[in-house]
**Student:** 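To start, I am sharing the structure in question, which I have written as structure tokens.
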Amino acid sequence: MHYLPHTPEDVARALELIGAPSIDALFDDIPAQLRNPEMDVAPGLNEAELMAHLRELAAKNDATGADFLGGGVRRHFMPSVTSHLAMQSEFVTAYTPYQPEVAQGILQATFEYQTMMSELTGLPVSNASMYDGATAVAEGALLAVRQTGREQVVVSRGVHPETREVLQTYLSPLGIEIVTLDLEELTTPVPEAGSLAEAACVIAQQPNYLGYLEPMQGLASATHEAGALFVAAVDPLSLAVLASPGEYGADVAVGDGQTVGNPANFGGPAFGFMVVKDNLVRQFPGRVVGQTTDVDGHRAFVLTLQAREQHIRRSKAKSNICSNHQLTALMAAINLAALGPQGLRELAVGSVQRARQLAVALEAAGYEPLTGARYFNEFVLPVDMEPARLRSELAKHGVQAGVPAGDEYGLGHAVVLSATESTTDAHIAKLVKALGAVLNRAEAAHV
Amino acid sequence: MHYLPHTPEDVARALELIGAPSIDALFDDIPAQLRNPEMDVAPGLNEAELMAHLRELAAKNDATGADFLGGGVRRHFMPSVTSHLAMQSEFVTAYTPYQPEVAQGILQATFEYQTMMSELTGLPVSNASMYDGATAVAEGALLAVRQTGREQVVVSRGVHPETREVLQTYLSPLGIEIVTLDLEELTTPVPEAGSLAEAACVIAQQPNYLGYLEPMQGLASATHEAGALFVAAVDPLSLAVLASPGEYGADVAVGDGQTVGNPANFGGPAFGFMVVKDNLVRQFPGRVVGQTTDVDGHRAFVLTLQAREQHIRRSKAKSNICSNHQLTALMAAINLAALGPQGLRELAVGSVQRARQLAVALEAAGYEPLTGARYFNEFVLPVDMEPARLRSELAKHGVQAGVPAGDEYGLGHAVVLSATESTTDAHIAKLVKALGAVLNRAEAAHV
Amino acid sequence: MSDASGMPRDTADFPLIFERSRPGRRAAHPPRVADVDLAELLGAENLRSEPPKLPEVSELDLVRHYTQLAHRQMSIDANFYPLGSCTMKYNPKVNEDAAKLFQDLHPYQAPETAQGALELLYNLQRDLSGITGMDGFSLQPAAGAHAELAGVLMIRAYHESRGESEQRRIVLVPDAAHGTNPATAAMAGYDVKEVATGPNGEVDVEAFKAALSPAVAAVMLTNPNTLGLFERSILEIADAAHAVGAQLYYDGANLNAIMGRARPGDMGFDVVHLNLHKTFTTPHGGGGPGTGPVGVKAHLLPFLPAPVVAKRGEGEEAEFYLDTDMPLSIGRMRSFYGNFGNLVRAYTYIRGLGKEGLRDVSGHAVLAANYMRMRFKELGFTVPFDRVNMHEFVAQPPEGLRTLDIAKAQLDYGMHPATVYFPLVVKEAMMVEPTETESLETLDQYMDALAEILKRAEEDDTYLANAPYTTPVRRLDEVKAARQPVLRHTFEASGD
Amino acid sequence: MSDASGMPRDTADFPLIFERSRPGRRAAHPPRVADVDLAELLGAENLRSEPPKLPEVSELDLVRHYTQLAHRQMSIDANFYPLGSCTMKYNPKVNEDAAKLFQDLHPYQAPETAQGALELLYNLQRDLSGITGMDGFSLQPAAGAHAELAGVLMIRAYHESRGESEQRRIVLVPDAAHGTNPATAAMAGYDVKEVATGPNGEVDVEAFKAALSPAVAAVMLTNPNTLGLFERSILEIADAAHAVGAQLYYDGANLNAIMGRARPGDMGFDVVHLNLHKTFTTPHGGGGPGTGPVGVKAHLLPFLPAPVVAKRGEGEEAEFYLDTDMPLSIGRMRSFYGNFGNLVRAYTYIRGLGKEGLRDVSGHAVLAANYMRMRFKELGFTVPFDRVNMHEFVAQPPEGLRTLDIAKAQLDYGMHPATVYFPLVVKEAMMVEPTETESLETLDQYMDALAEILKRAEEDDTYLANAPYTTPVRRLDEVKAARQPVLRHTFEASGD
Ligand SMILES: Cc1ncc(COP(=O)(O)O)c(C=O)c1O
Ligand SMILES: Cc1ncc(COP(=O)(O)O)c(C=O)c1O
């Protein structure tokens, strides 16, 4: 199949105006030895064949089953209306709003998004979105380095391991040192301010990768005492009920927005967000929408503070980011507006409550989930099997679970289990039963 | 769940203006003994529960499998783009275009639809759509009765049995006699003009219910000789290649549009169409869109010739039809525009070709499909089993087939098999194998 | 909206899809086709002489055409649309998701492979019976008018079964009734007699009784009636009708007013139809497809259009099937089982709201309509039957102004006018039905716009006659459209 | 478009979603929640003191808000959008259907239950290698700029592996390059040196050679370059760069020009990134999400961001897995495996078109761009480097006219302007890229509108400065936006 409009007559008409004998002749500037390469690509399919092929691939996946996966992506309830509205073709097929007069749709929706992120995080200035939570953390660290002139970044081991990997990728070529704070009793101990004298920032994640609540207030205070910035990596859904970064004094809030309004998408695209204090506004990366007026005095929105960006400042830009994650951020904004404060709270409270129910059920079945520290909707379950194998075995029982609490945490074989408002009694029963079968425990022994 | 915006404050504000003490008080006009009935309806579900329930119901169906069903509904190829465009919310949630200044979308699309139906049928005047093919046939008969003043309708037994049932429902209360023409050798014999002296119209279907090509030209001539109208019930997809009703002189073309651009939808909604000769324009039923100009001289479209309709003429209207099948007709128009004449032809030719391939395969396997008369994409296969049972048995083998060629045709146990451009070699092989298994034929005997 | 086409108003007509067409272009790419000799297979005499002139466009041109057309169209999703008698409420998106789950089912596939669909239909028949107080439903009719025909034909069959078909020749219909009511009665072979509306806006009971006789086959009513008023004498009316052996037909287009508050079955109606595209949120689609289930009391059950969906066994064992064994049935009203896609949507809506939710719908619909009535009066409109109304009311513009002009002026404000010039019994009628899903702020904005329109009209006496100003096209020459009908595009001689 | 809100231009600002909010309203109804004592479970000190002020709206108000916002937005589906360097081609609807088939997959689900997704990624890695002539691909980067960073970091790691990291401090970039190129090099810790464009619009080969030295780590180019011209000396450039040990980076934003015609791998590039949101039809989404796979030659394979998708076994036995065993990898560029949803869309596009189809794309894209160039010249525009161009070209308005003004005037015609004021090396630049999916009629209409604009400008010298006239808002005060930034909505003291 193809999407070309030009008939042979059209081609002839165009070639005539151009004064070229053929389409191929238009490529004469290409050195002859490069022209018309053999490409190892299959011939085209018609639409029916194409969709049959895609459906066949899709049939080799299974996204159903009782779901206890987390690790940064969760399948929370999303009302149907969200994707209907976000996927309107006017939003989907627009470019970056460089002509604001005809892009008020995207621009206003983004301004509203910024306001929502600001409300959630308790910080005043949100950018228009970033790629994902991990890169937002890395950009947050770079921002701190720029702002403080210091070349060390301190990060809690409670920050998602993949995020820390990305941090490493971004910082090491610049010679910025990364210091990792080990967890004690599942959370980050507040360091002596003195130990942070070189630090541009301290980065902690709330709830942390294992699911537990960090002492954000204490971490922020120690960080500020040392003259560093506190970067809070937060789950926006949890902010329906948890103290906001603004409340505990974070300078920068970053995170991944998937939980508040994107499908899981096998990990992408969702979007990253960054919200900062006022004093960082001319240092922070990424697009931002501002409010102004038009010549008639009407409220209107426009991309602003562009002097930070690559297309203006080139090698002096605050970041190289150009395309952000506009549409997925818009989708989350719509979802947040659909939920409202009450709906978002219900998701958060439901997740908290179901996680307790899960822990109780596991304990009743003789397991020993780590519930000694306060947790939000995820917690660690030590198991007698390598997590990746456990995950595969559970899948055979229609259960999706087994995000590993990696070796670095010194917990032995252990997985992080995650619950949401959508977790049901039946899901929990199914997990307990499957665990019993997989780990060869006689189920009867635990009831 | 619910879709109500009003908060308690809103309710109070509204009640205050109205001067009523409560919402319930607004219903005081209802006699007390009628008020607040017990309704046997379940309590509401939230959205997640609701979709889970619907998905559970959907899981009890199976629309997959090798498909040889026809009988008026076929699952032809439809490009993805069709439903994306038709289901735009501006089309979906509009009302009948009674204010043309803000309904040019629906109005122009309908005018274009009328043009397409006119092109396909070769007749000049299409209405904006009707409920379905069967009611369109019934309305066609009533039109003929009005036009000729005669009270007898002659219909070929080749017309879909359900259509003839509907004809019966519509005509019998009015005392209009229905005469049925039996088939000979699978098609309708051309009657003597003399036998049609009382007839308001003759109705024949092309291809007929069993799949065979009727002598439309001959039928039309005999009908006209008798001073009656010839009503052609046609499959619009076949009109990509078959002679149009206009070419063989039909006065009225009617039919069901599902085949050219609606999903199967378990039988509805699709849409009916009616296209007539110019002389019938002030007699024919249903809405019609006309072209005119606005005060600035611009081309514009509007519902017209409304003096035929119920909202103007009440008991003197040409039909009681009010809502038609606008959106499904629009979807078909989009689909026809997506296909173009070449694409539609490919569907038709593909269907013709695959049907031959199917017949050959069946013959090779020792069956005796009735291929003595010319057929389009369907034909009759005599079988040794009651059709409904055969259909259920084949379903167990992943084959959907078994539309009955009813007893009225005197063919014994027989089914109508249908092929489309989407029929594959594998489907055909699967059918032959399943038939062998179900009918207990040793497959080896036939290869 | 007006500049969706992007062309400044004065430069060009919006193109037809045919005007975008160029020979040889195409959007869709169907499965590949093997060559065949059509003349040989089908007979040269059966082939058409030239291909139909369908559009030939690229996929992008197709998309742009229909996206721009969508921008030239008002809709509930983009505009407040308080059309009286039409119940333009919000059509939930979740309904659309639900309908998609079933869209590939073939009506003739083995019932064993369509049990979920049949169960849904069975459940919906049951829920609609519960909501209306009837004993059984057919889901076949494709729209309100179609359901009316089914209903009146059942009444006819019933009388016939009692040997009274010769005697009963008349259907009584209020003069304020929707046009489909008299048109239906005529289509079913009856003589129509109109009953005048009384001075209080309700059926004149005495006149009604006087019109009753053993010649009356049926009485068709809607309650609340077309003026938005509840017929307070409904029980007396029903008794009187039944006393002469007439059957009572309920046009359920207005059920949104009383759902959960009162049931037509309890009022004495023998036949009820519902417009799922009104009360039950299936989309209007720019004029359809609608869906019009028809319900009956027990004595009429045998006459329902065949087939209905029935159930054998219970629980795990339950099996759903199409019951065709209905010897007294009036027969089929259409092919297959109804507008199934819409039946799924309506079922989704009913199951989501549940009993209590449905009752809240009518409460809030009536609340909003009464709020609007008060606001219309404040602005100087006349409400001819001014008392607590149900889901809608009828108003008349201030002295000297025409309803049509006001309606056209409203278009410039991005708001859809009310239903105009209906019912016929009120001069310059504006029939306003806000529905329960519109916020008070939306209602207030509508009134603010109306106030501004009245003010502008006062300031400039050419203003109203020339409105609208900003719509994609402006006032149309409707007389020309009807006098010199142009009902299809004509191609240039060149062939495109 | 301009009247989507429906309000006459002068009456009101389009409302914010917060301005539609009323306490207690809601659209979504999540699963029911059991009560818990949050303070007890989470610690009172961990709770927020007041809820975030998210909007509280009904589902209909939500729908209307975002439907009306959509009407206040230009898009490919509704408008011709020839933004240079952006490849605003048609985004097929079938891609969207395909992406939906996979949208519920969790990145951490057992690989046994995601074999189809992994196979798709594997196939796409292979297809992109075939298209570009590279030896392997990572699908991780989220956009072009992100891919650039990955690519330059790989180059850095490569030099490091050879002990040359201290020595190589410089990245060479043409002065016409996209801003992301120098910004990326800086972000990877390099010094950026710009190479001037020669008088023929191509890299000045002598100046380039002069700038080369063993201190150069990488050269970043795009070919065709930002002026839409094919760099005819590309082989000489590549040889010279390689001769001093520099790596050659290909910014693939312009691949649409030469797909199937020439491969960056064959030109000598060591690293290539592609913008799937340009060449491969994944939607721009109003600014993203993009997707930027990055491909390399064999010597760089060990440095690819981990993980990549690999395959064990063949045929029925084949198993796809994430290969994390990459000790030399530069590490992760982001979480998980890339913007998978877009990877599905791009894969769908590639499989649909196939080898021949992809080659036709570039042919028709270049044809359309050259047609436009000729038409621009006819109208009196200057084309500074006037020869056969590739998929785009840069023009300058007739003497005395400003590009910005012309762009604004075009908005009234429902057509999007070109990319303006880029590249920086051409004054008053208009960079026009029509793409292969626009019909000649659309291109002609664009030119007709431009002609009309020039004519109007001649007739009325206030016309251009005040354009646009009919857009949802008119020219904005951008200085005020930047001087007094208002970056979020402020609530009234009352709390809403
Ligand atoms: C009172 C009333 N009855 C009947 C109908 C006819 O319904 P339909 O258009 O579905 O045939 C309508 C529709 O407008 C109506 O308002
Ligand atoms: C030449 C060129 N390089 C790089 C980029 C950056 O791509 P992205 O926006 O995906 O980061 C662009 C995008 O506009 C571009 O045109």
Side-chain angles (χ1 to χ4, degrees), chain A residues 1-14 42-55 58-59 64 77-95 99 101-105 108-109 261 263 296 298 331 334-335 337-340 343, chain C residues 1 3-6 17 20-34 55-73 75-78 90-101 104 281 283 344-345 348-349 351-352 437 439 494-496:
Chain A
M1 59 193 303
H2 68 80
Y3 303 100
L4 302 175
H6 305 122
T7 63
E9 294 73 39
D10 293 332
V11 172
R13 172 154 83 90
L45 302 175
N46 64 45
E47 190 177 317
E49 292 164 346
L50 182 60
M51 283 307 291
H53 173 58
L54 270 302
R55 278 202 206 91
T64 63
F77 167 74
M78 280 176 63
S80 157
V81 69
T82 295
S83 78
H84 282 274
L85 296 179
M87 298 309 281
Q88 290 179 95
S89 73
E90 296 89 344
F91 294 142
V92 173
T93 70
Y95 198 71
Q99 296 287 348
E101 298 86 351
V102 292
Q104 289 297 299
Q108 177 170 330
D296 295 330
H298 283 125
M331 184 180 278
I334 294 172
N335 200 56
L339 288 166
Chain C
M1 190 167 113
D3 299 294
S5 75
I17 187 80
R20 299 188 191 248
S21 175
R22 291 298 175 275
R25 286 206 190 132
R26 66 190 304 166
H29 299 267
R32 282 176 247 276
V33 164
E56 299 179 66
V57 295
S58 69
E59 189 162 319
L60 174 53
D61 279 344
L62 184 80
V63 165
R64 216 166 261 159
H65 184 71
Y66 287 103
T67 304
Q68 292 177 352
L69 278 184
H71 290 175
R72 294 165 71 82
Q73 178 65 47
S75 63
I76 299 175
D77 274 14
Y90 174 58
N91 301 156
K93 301 295 174 193
V94 71
N95 293 357
E96 301 303 312
D97 294 358
K100 273 206 174 168
L101 297 173
D104 291 330
T281 68
V344 176
R345 289 174 173 90
T348 303
Y349 179 69
R351 295 289 287 130
T437 57
S439 63
S494 85
D496 66 352

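Because only heavy atoms are used, hydrogens play no part in the values below, and waters and symmetry mates are left out as well, while side chains stay in. Order of the sequence lines fixes the chain letters, A, B, ..., with proteins taken first and strands second; residue numbering starts at 1 for each chain.
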**Student:** For E56(C), is it the side chain, the backbone, both, or neither that has a heavy atom closer than 4.5 Å to a heavy atom of chain A?
**Tutor:** neither
**Student:** Measuring heavy-atom distances to chain C, does L50(A) have an atom under 4.5 Å in its side chain, in its backbone, in both, or in neither?
**Tutor:** neither
**Student:** I need the contact set between residues 79-87 of chain A and chain C: heavy-atom distance under 4.5 Å, sorted by residue number.
**Tutor:** S80(A), V81(A), H84(A)
**Student:** Chain C heavy atoms under 4.5 Å from E49(A): which part of the residue, side chain, backbone, both or neither?
**Tutor:** side chain
**Student:** Check whether any side-chain N or O of N46(A) sits under 3.5 Å from a backbone N or O of A48(A) as a donor-acceptor pair, and report yes or no.
**Tutor:** yes
**Student:** Who passes side-chain contact (heavy atoms from CB on, under 4.5 Å) against A109(A), sequence neighbours left out?
**Tutor:** L330(A), Y66(D), L69(D)
**Student:** I'd like to check P23(C) versus E9(A) (side-chain heavy atoms, cut-off strictly below 4.5 Å). Are they in contact?
**Tutor:** no
**Student:** Check whether any side-chain heavy atom of M51(A) lies under 4.5 Å from a side-chain heavy atom of R55(A), and answer yes or no.
**Tutor:** yes
**Student:** Would you mind checking which part of P92(C) comes under 4.5 Å of any heavy atom in chain A, side chain (CB onward), backbone (N, CA, C, O), both or neither?
**Tutor:** neither
**Student:** P263(A) versus M331(A): any side-chain heavy-atom pair under 4.5 Å?
**Tutor:** yes
**Student:** Could you tell me whether the side chain of R25(C) reaches within less than 4.5 Å of the side chain of T7(A), counting heavy atoms only?
**Tutor:** yes
**Student:** Does any part of the side chain of D97(C), heavy atoms only, come nearer than 4.5 Å to the side chain of L101(C), both counted from C-beta?
**Tutor:** no
**Student:** So how far is it from I334(A) CD1 to L339(A) CG, rounded to the nearest 0.5 Å?
**Tutor:** 12.0 Å
